[in-house]
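Every chain is numbered from 1, with letters handed out A, B, ... down the list of sequences.
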Number of protein chains: 2
Amino acid sequence: MSLPHAILTALLEKPSSGLELTRRFDKSIGYFWSATHQQIYRELGKLEGEGLIRALPNAQPSRGQKKSYEVLPAGRAELARWAAAGQDPKPLRDTLLLRLRASAVVGTAGLEAELRRHLELHQRQLAEYEGIEKRDFPPGRDAPEDRLRHLVLRAGIDLETFWTQWLTHALTEFADLPAPQADSGQSEATPPGAGQS
Amino acid sequence: MSLPHAILTALLEKPSSGLELTRRFDKSIGYFWSATHQQIYRELGKLEGEGLIRALPNAQPSRGQKKSYEVLPAGRAELARWAAAGQDPKPLRDTLLLRLRASAVVGTAGLEAELRRHLELHQRQLAEYEGIEKRDFPPGRDAPEDRLRHLVLRAGIDLETFWTQWLTHALTEFADLPAPQADSGQSEATPPGAGQS
DNA sequence: CATTGTTCTGCAACTAGTTGCATAAACGAG
DNA sequence: CTCGTTTATGCAACTAGTTGCAGAACAATG
């Protein structure tokens with residue numbers, strides 16, 4: 001139940017149309033809460049129905065016609081309420097870790113390349129974040145809202161740093177592993193051409 | 001599409017009934033892929049239907065009666081295929097960061113307590129992981145599968161470490177913020193009792 | 001002005017995960 | 001032996017997110 005609030009935040013920062021929101025989600029906001037344009041349109045409709053936002057009056061409402069929204073007081077109040085409410089962090093869900101664990105049973109074949117690929121992706125993302133930091137947060141800004149936004153960006157940077165370090169470490173571990181077998185489990189006569197679904 | 005593979009992994013490590021699986025998901029596997037017992041039962045049914053696992057013959061099949069499963073060769077093959085296949089890391093989705101960003105617009109009231117609470121939760125989790133590390137991975141083990149499992153645990157430890165550090169940093173930032181206002185945005189006459197839902 | 005491509009909006013169907021509850025056997029206590 | 005509790009299995013309905021596609025306006029071009 002966070003997408004509506006992500007949209008409210010984005011609209012408070014700047015009133016926008018569905019497509020503009022989509023683009024902004026692809027950039028800054030999407031870095032920690034991604035959404036497709038279909039989700040966004042659907043949610044805009046709901047939010048309007050609930051009286052939390054409204055279409056800007058100037059643009060006329062017809063299909064294929066740009067329609068911008070702004071947040072109403074009720075929307076702002078709801079966002080404030082939600083931001084302060086208690087919410088537990090939801091447990092991690094990571095397929096790479098899962099695959100690593102599966103590999104402990106079923107063999108590490110092919111995994112190393114995958115680790116390398118992920119390392120590269122995370123390095124790229126890290127570089128992008130650091131570019132943003134240099135551009136948007138030069139030393140010596142301290143409007144409170146800048147500090148908060150910087151804090152969020154820091155989380156992104158530190159997370160990507162963590163992943164690149166962990167992946168690098170994982171790769172060195174792999175380097176001196178016995179050798180990638182197709183199956184290192186407690187082999188119980190797995191026929192070579194066993195097939196599947 | 002990872003739950004079936006998580007189950008296959010768990011069953012390869014040790015054939016189990018639905019409830020046993022549920023318990024194991026609450027512990028080790030659930031640390032990076034959580035699942036409820038309903039999900040697990042549903043998925044066990046599907047996997048059996050697809051011929052990837054089968055019920056152990058000894059136990060009789062009646063409701064309320066324990067029924068254990070083991071992985072068939074086809075299941076092992078499918079797991080190996082999946083573990084080696086390419087999968088992009090899916091983008092971060094974190095409500096706390098989102099709420100922090102919202103707070104930059106709508107005011108930081110109540111947020112500090114929430115940060116503190118999360119800090120405590122992450123510290124607790126970190127302590128638990130470290131306990132497991134001490135217990136299950138004493139120095140000097142190097143069976144390849146132990147190394148892999150340790151690597152996964154390391155990821156958990158390092159992630160929790162990251163969060164505790166980031167949250168600590170965030171709290172010091174909060175300490176010298178102007179003062180938590182109910183609304184620090186470009187105030188446009190937000191009536192105090194504006195509403196909700 | 002018909003044709004084609006792009007921008008912008010949106011519906012519908014599907015997949016994955018969650019919540020709430022139902023049922024059946026097993027076991028212990030009165 | 002029956003009543004309540006625990007263990008174990010499972011269905012059904014709901015929520016959130018994803019995928020695939022389609023339609024309306026607008027702009028460029030022959």
Side-chain angles (χ1 to χ4, degrees), chain A residues 1-8 11 15-26 29-30 32-50 53-56 58-69 82 87-95 98 197, chain B residues 1-8 11 15-26 29-30 32-50 53-56 58-69 82 87-95 98 197:
Chain A
M1 270 295 298
S2 308
L3 178 59
H5 303 98
I7 291 179
L8 286 172
L11 286 181
S16 313
S17 69
L19 198 66
E20 283 165 343
L21 278 178
T22 304
R23 292 203 219 288
R24 291 170 58 201
F25 268 77
D26 286 343
I29 300 186
F32 49 91
W33 201 273
S34 58
T36 62
H37 68 109
Q38 290 89 341
Q39 277 180 280
I40 290 170
Y41 282 119
R42 196 198 306 173
E43 207 60 46
L44 282 172
K46 261 193 234 171
L47 287 170
E48 191 177 22
E50 290 165 6
I53 63 174
R54 71 163 172 199
L56 282 181
N58 55 345
Q60 69 280 46
S62 128
R63 197 171 167 117
Q65 198 85 142
K66 187 180 288 195
K67 189 163 62 165
S68 288
Y69 292 91
W82 175 82
Q87 263 185 268
D88 285 343
K90 70 175 181 72
L92 180 59
R93 233 148 223 253
D94 188 287
T95 45
L98 194 54
S197 166
Chain B
M1 272 297 299
S2 307
L3 177 58
H5 302 98
I7 291 179
L8 287 172
L11 286 182
S16 313
S17 69
L19 198 66
E20 284 165 343
L21 278 177
T22 305
R23 294 203 218 286
R24 291 170 59 200
F25 267 78
D26 285 344
I29 300 187
F32 50 91
W33 201 275
S34 58
T36 62
H37 68 109
Q38 290 88 341
Q39 276 180 281
I40 289 171
Y41 283 119
R42 197 198 306 173
E43 207 60 45
L44 282 172
K46 258 193 237 171
L47 287 170
E48 191 176 22
E50 290 166 5
I53 63 175
R54 71 163 173 198
L56 282 181
N58 54 344
Q60 71 279 47
S62 130
R63 195 163 168 124
Q65 199 82 145
K66 187 180 288 197
K67 191 164 60 165
S68 286
Y69 292 90
W82 174 82
Q87 262 185 270
D88 285 343
K90 72 176 180 75
L92 180 58
R93 232 150 224 254
D94 188 287
T95 46
L98 194 54
S197 168

**Student:** Strictly distance-based, threshold 3.5 Å: is any side-chain N or O of A:Gln39 a donor or acceptor partner for the main-chain N or O of A:Thr36?
**Tutor:**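 Here the side-chain-to-backbone pair exists.
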**Student:** Would you kindly give the CD1-to-P distance between B:Ile40 and D:dA8, to the nearest whole Å?
**Tutor:**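 The distance from CD1 of B:Ile40 to P of D:dA8 comes to 13 Å, rounded to the nearest Å.
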**Student:** For the pair made of CG in A:Leu44 and P in C:dC8, what is the distance, rounded to whole Å?
**Tutor:**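 So the two atoms are 15 Å apart, to the nearest Å.
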**Student:** Base, sugar-phosphate or nothing for A:Ser17? Non-hydrogen atoms, less than 4.0 Å.
**Tutor:**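 Contact class for A:Ser17: sugar-phosphate only.
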**Student:** What is the separation between atom OH on A:Tyr41 and atom C1' on C:dG10, rounded to the nearest whole Å?
**Tutor:**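 It is 8 Å, rounded to the nearest whole Å.
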**Student:** Does any part of the side chain of B:Tyr69, heavy atoms only, come nearer than 4.5 Å to the side chain of B:Leu8, both counted from C-beta?
**Tutor:**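 They are not in side-chain contact.
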**Student:** Taking only the side-chain nitrogens and oxygens of A:Arg23, find out if one of them lies under 4.0 Å from OP1 or OP2 of C:dC8.
**Tutor:**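 Yes.
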**Student:** Does the side chain of B:Ser68 come within less than 4.5 Å of B:Ser16's, by heavy atoms?
**Tutor:**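 B:Ser16 does not reach B:Ser68 side chain to side chain.
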**Student:** Could you tell me whether a side-chain N or O of B:Ser34 sits under 3.5 Å from a main-chain N or O of B:Gly30, the two making a donor and an acceptor?
**Tutor:**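 No: the side chain of B:Ser34 does not pair with the backbone of B:Gly30.
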**Student:** If you pin A:Gln38 and A:Ser2 to their nearest nucleotides in DNA chain D, which one's is more 5'?
**Tutor:**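 Its nearest nucleotide being more 5', the pick is A:Ser2.
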**Student:** Want to settle it: does A:His37 or A:Met1 sit nearer the 5' end of DNA chain D, counting the closest nucleotide to each?
**Tutor:**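 Between the two, 5'-proximity favours A:Met1.
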**Student:** Round to a whole Å and report the spacing from CD of B:Glu20 to P of D:dT9.
**Tutor:**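 It works out to 8 Å between those atoms.
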**Student:** OP1 or OP2 of C:dG17 sitting under 4.0 Å from any side-chain N/O of A:Arg93?
**Tutor:**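 The answer is yes; a side-chain N or O of A:Arg93 sits under 4.0 Å from OP1 or OP2.
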**Student:** With a 4.5 Å limit on heavy-atom distance, are the side chains of B:Ile29 and B:Leu21 in contact?
**Tutor:**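 Not touching, per the 4.5 Å side-chain cut-off.
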**Student:** Give the rounded distance in Å between these two atoms: NZ of A:Lys46 and P of C:dG10.
**Tutor:**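 Atom-to-atom, A:Lys46 to C:dG10, this comes out as 15 Å.
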**Student:** Looking only at side-chain N and O atoms, does A:Lys90 come under 4.0 Å of OP1 or OP2 in C:dT18?
**Tutor:**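 For C:dT18, OP1/OP2 do not have a side-chain N/O of A:Lys90 under 4.0 Å.
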**Student:** Within less than 4.0 Å of OP1 or OP2 of D:dT18, is there a side-chain N or O belonging to A:Gln39?
**Tutor:**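 Result: yes.
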**Student:** Round to the nearest Å and state the distance from B:Trp33 atom CH2 to C:dA16 atom P.
**Tutor:**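 My rounded result for the distance is 10 Å.
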**Student:** Can you tell me how far C1' of D:dG10 sits from OH of B:Tyr69, to the nearest Å?
**Tutor:**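 Going from B:Tyr69 (OH) to D:dG10 (C1'), I get 10 Å.
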**Student:** Any donor-acceptor pair under 3.5 Å between the side chain of A:Arg42 and the base of C:dT9?
**Tutor:**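 By the distance-only test, no, there is no pair.
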**Student:** Taking CG from A:Asp26 and P from C:dT7, how many angstroms apart are they, rounded to a whole number?
**Tutor:**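 For the pair A:Asp26 CG and C:dT7 P, the rounded distance is 14 Å.
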